[in-house]
S.K.: 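Take a look at the following structure, please.
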Amino acid sequence: MLVPYDFFAPHRIVFGWGRRVEVGSLVKSLGSRAFIVNGSRTLEANGTIDELCRLMQSAGATTERLATQTREPEVADVDAAVEQLLSLGLRENDCVVAIGGGSAIDLAKAVTAMATNRHGDSVKDFLEGVGRGLKIERPPLPLLVMPTTAGTGTEATKNAVISSFDPPFKKSLRSDLMVPKVVLVDPELTVSLPRDITAHTGMDAITQLIESLISRRAKPIPRDLCWQGLKLALPAMFELSRDLTNRAAREAMSHAALLSGMALANSGLGFAHGVAASLGVHAKVPHGLACAVMLPSALQLNRDVAQADLAELGRRCCRWLHGEDGLLPFKDDGSDDAAVAHVQAVIGTLNGRLGVPPRLSAIGVTREQLPAIAKSSRGNSMDGNPRDVSDEELLATLEQLW
Ligand SMILES: [Zn+2]
């Protein structure tokens with residue numbers, strides 16, 4: 001018997017190496033004036049942003065540079081960008097183009113929604129769990145996103161993650177209306193990513209694929225996307241740990257990240273993402289690194305309740321990673337326990353190859369922060385974890401990992 005389900009996805013996905021040259025006609029399908037939100041200053045310095053703006057202009061669209069976002073967006077960043085956009089006068093046929101990693105895309109998503117939903121004073125009024133509970137009622141400005149990292153999957157989700165440090169929170173602005181209209185994925189844009197960003201974003205995608213797969217809200221279509229994503233992502237991340245310029249691995253990661261976004265938008269996440277948000281707020285740990293460090297604990301906590309899926313993943317890893325140097329071969333004697341242990345070994349080895357520290361103390365977390373981190377790990381992500389984790393167990397897990 002199949003569970004009833006809804007499935008959300010971007011209206012249009014355009015995927016392929018070098019396809020950023022199509023941005024002009026794609027933007028014109030959304031509007032005649034594009035507000036540009038971009039990330040990384042490298043993209044500005046190496047001329048990529050200018051090149052993309054020229055392509056949009058050649059197609060007949062005007063462009064307005066709205067914001068450069070180089071860290072995870074905060075409430076004040078969203079409010080300021082919305083104010084700037086509105087000060088230019090909102091017109092019919094306006095749209096927004098986001099070019100960057102998760103931070104730039106999340107900022108852009110929030111801006112598109114806040115520009116047309118003016119019944120609050122700040123984006124904070126709309127955030128889950130901390131605001132006034134206001135809802136997004138009017139359709140956001142149409143949004144085209146071009147991810148330049150391969151990890152967060154936010155190009156395909158219906159939420160934007162917004163932080164605050166005083167008071168400390170990291171919460172979502174969420175609405176079914178916020179799924180981007182067009183997602184243009186050109187994996188070539190990820191080739192210049194440095195090693196640490198490649199590692200952290202890639203492990204974020206893998207964590208999302210595993211957590212969505214075993215989420216208590218898992219659904220049939222996203223589960224298939226997770227299997228496809230993991231088949232691509234695990235071998236690709238081993239490859240990228242050796243060679244950052246490998247085209248096939250970059251393509252595989254861009255596709256896997258996109259699939260992870262579609263999966264998590266529909267199925268939710270779990271323990272690692274719950275804690276990762278809290279690590280971001282209390283210890284300013286970048287999202288992907290936090291996920292990478294927490295994934296081994298999430299596997300350990302869920303190994304019994306999600307045994308069938310994790311054992312299947314272990315058996316598939318055996319085939320996908322056949323011949324990978326340094327991975328102990330796993331003899332399938334039918335024991336699910338051994339197959340799950342193989343998944344844990346694969347993730348541990350991969351983290352090691354990518355230089356991800358195994359302990360919280362190595363990523364800037366102090367022991368005194370642990371109770372507060374445990375306390376604010378609750379929320380939409382933790383609710384998706386396939387089993388309940390008590391406050392005591394959560395804190396004990398963090399202490400053990402510290
Ligand atoms: Zn994530």
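Ligands are counted one by one from 1 in listed order, and the atoms in each one are counted from 1 as well. Residue numbers run from 1 in the order of the sequence given.
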S.K.: Counting backbone and side chain alike, does Gln208 bring an N/O/S atom below 2.8 Å of the Zn ion (ligand 1)?
M.R.: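 Checking Gln208: at least one N, O or S atom is under 2.8 Å.
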S.K.: Can you confirm whether Val97 sits close enough to Phe35 that some side-chain heavy atom of one is under 4.5 Å from a side-chain heavy atom of the other?
M.R.: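 Val97 vs Phe35: side chains apart.
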S.K.: Angle subtended at the Zn ion (ligand 1) by NE2 of His273 and NE2 of His287, to 10 degrees?
M.R.: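 Computed angle, vertex at the Zn ion (ligand 1), rounded to 10 degrees: 100°.
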S.K.: For Glu137 and Asn117, test the side chains for any donor-to-acceptor distance below 3.5 angstrom and give the result as yes or no.
M.R.: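 Looking only at side-chain atoms, Asn117 and Glu137 do not form any donor-acceptor pair under 3.5 Å.
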S.K.: Measure from the Zn ion (ligand 1) to every N/O/S atom of Asp204 and report the name of the nearest one.
M.R.: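 Nearest N/O/S atom: OD1.
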S.K.: Between Arg250 and Asp186 (salt bridge meaning N to carboxylate O under 4.0 Å), is one present in this structure?
M.R.: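 Salt bridge between Arg250 and Asp186, a charged N being under 4.0 Å from a carboxylate O: no.
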S.K.: Do Arg65 and Glu44 sit within salt-bridge range, that is, some charged N less than 4.0 Å from a carboxylate O?
M.R.: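 Looking at Arg65 and Glu44, the cut-off is met.
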